[in-house]
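First comes the structure, then the notes that go with it.
Only heavy atoms go into these numbers, but all of them, side chains included; no hydrogens, no water, no symmetry mates. In what follows, every chain begins at residue 1, and chains take the letters A, B, ... in the order their sequences are listed.
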Number of protein chains: 2
Amino acid sequence: MSADTKIQILDAAETLFSEHGFGDTSLRTITSEAKVNLASVNYHFGSKKQLIQEVLQRYLSVFMPAVDDELSRLLHKHPSPDVGQVFSCLVEPLLSLSQVRPDGTAIFVRLLGRGYSESQGHLRKYITFHYGEVLRRFVHAVHLAVPKLSPAEIFWRLHFAIGTFVFTMASSKALSEIALADYHQDVTVQGIIARLMPYISAGVGAQVAETSVNPLLDIA
Amino acid sequence: MSADTKIQILDAAETLFSEHGFGDTSLRTITSEAKVNLASVNYHFGSKKQLIQEVLQRYLSVFMPAVDDELSRLLHKHPSPDVGQVFSCLVEPLLSLSQVRPDGTAIFVRLLGRGYSESQGHLRKYITFHYGEVLRRFVHAVHLAVPKLSPAEIFWRLHFAIGTFVFTMASSKALSEIALADYHQDVTVQGIIARLMPYISAGVGAQVAETSVNPLLDIA
DNA sequence: AACCAATTCAAACGATAGTTTGAAATGTAT
DNA sequence: ATACATTTCAAACTATCGTTTGAATTGGTT
């Protein structure tokens, strides 16, 4: 059947993309891993670029609405949430991705990271275009939680948070190995997320520096 | 002269690598930008892989000793520093890179980000092998600042901090454009670093979560 | 069973990658 | 000025990439 081939390609592609990046994963590697013919990628998806989009879309279409639901629930229950609660709205949607696909959580976040750093802004535009409303709601929730932050400051801190998250998951394989070897920690995706939440919450909610420690910085 | 060719290659390569990544920057692009012959890369550096190493080494050899000096100075003056002071030890060494090379700070951090995410752990091993002592001193300083954190927790939080930093600088071009368009902010590397410090300091110094908000996390 | 559309397949295409080669040019020391 | 080592250069080599092609195969419909 045709649906099988498409899905096998998507399944193989997402893993390889998340581990080696889009540019360093060839269609030949994907199709041989998926046990399908090389030409079937162009037949079913048109091009490699469109394949990448569909790989991301498969996750975004599940993740984004789920975040939207969590935000609705939170704001209905707590009209004045704290930072931790707002970011907790990402936890369930993220973990639910592992039910859709084995290791889906890590794969998705790694794909996000690849997309952000390898596609020179294409992914960002794609997301803001298709899911702008959810993003605005999230930003608004952060504003409710930390009203002292200016919109510009929220913008920066959210991207700091994305960076923390995305980079950690991108390196999670290596980090997990080190944690196991050096600290005898058996690390799961959930465990990493649990460790990330306090860091991100504290970071986003931090006091803004009025005068910098370093006088050099004031030129900026 | 031969030294000129080597330096011109390094100068062109570091910019292109930092902007487009190692894999997506061809030797032909580098040599045409550097106005030297294609074959001179292999003549002077042996291979593309070794060129990448030398590009990174040129910055690490300046940055790492500088951090070491800053740490010595800080711990001599303040045997019990706070988190902000420890991370401030990175600021001067980073900014000094812009004196070595125009925009050197941003280039270096972007290279770091590329190296971490594109070389599947090679860069991490390279750094810990060649500059392990500096890293240990930095971890020790963090421990002095936040003694409540276990070694394992410090390990994780430092990598969270690296992620924040490296991802932000990797995306700094796009972020700066948005900040200019949406918030009329003229952004400099120093400005970004200044905004990063409170976030990272608060994140690293955050209280450890004893019981997670989400019961699902406890399985981890 | 015959027909047609959808899919698969092996093969080749054009473009680009890193690297190698051997001659030409340049610099240096006697 | 001669001889030698270093460096540059144009060109070619090998490998791999995404994509296209046209025939073979499959699946469903009448």
Restricting to pairs with a member in residues 20-39 of chain A, which pass ring pair (Phe, Tyr, Trp, His ring centres under 6.0 Å), not counting sequence neighbours?
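Sorted result for residues 20-39 of chain A: Phe17(A)-Phe22(A).
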Between Phe155(A) and His159(A), does the ring centroid distance fall short of 6.0 Å?
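Yes: the rings meet the under 6.0 Å criterion.
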[N] phosphate, OP1 or OP2: any side-chain N/O from [X] under 4.0 angstrom?
X: His44(A); N: dA6(C); answer: no
X: Asn37(A); N: dA10(C); answer: yes
X: Thr5(A); N: dT8(C); answer: yes

Go through the structure and list residues passing salt bridge (Lys or Arg N to Asp or Glu O under 4.0 Å) with [X], not counting sequence neighbours.
X: Lys173(B); value: Glu19(B)
X: Arg28(B); value: none
X: Arg110(B); value: none
X: Asp11(B); value: Arg58(B), Arg101(B)

Interatomic distance where [atom1] belongs to [X] and [atom2] belongs to [N] [whole Å]:
X: Asp4(A); N: dA6(C); atom1: CG; atom2: C1'; answer: 15 Å
X: Gln50(B); N: dT19(C); atom1: CD; atom2: C1'; answer: 13 Å
X: Asp24(A); N: dT16(C); atom1: CG; atom2: P; answer: 18 Å
X: Lys6(A); N: dA6(C); atom1: NZ; atom2: P; answer: 14 Å

Quick one: what's the B/S/- string for nucleotides 14-26 of chain D, heavy-atom cutoff under 4.0 Å, read 5' to 3'?
---BBBBB-----
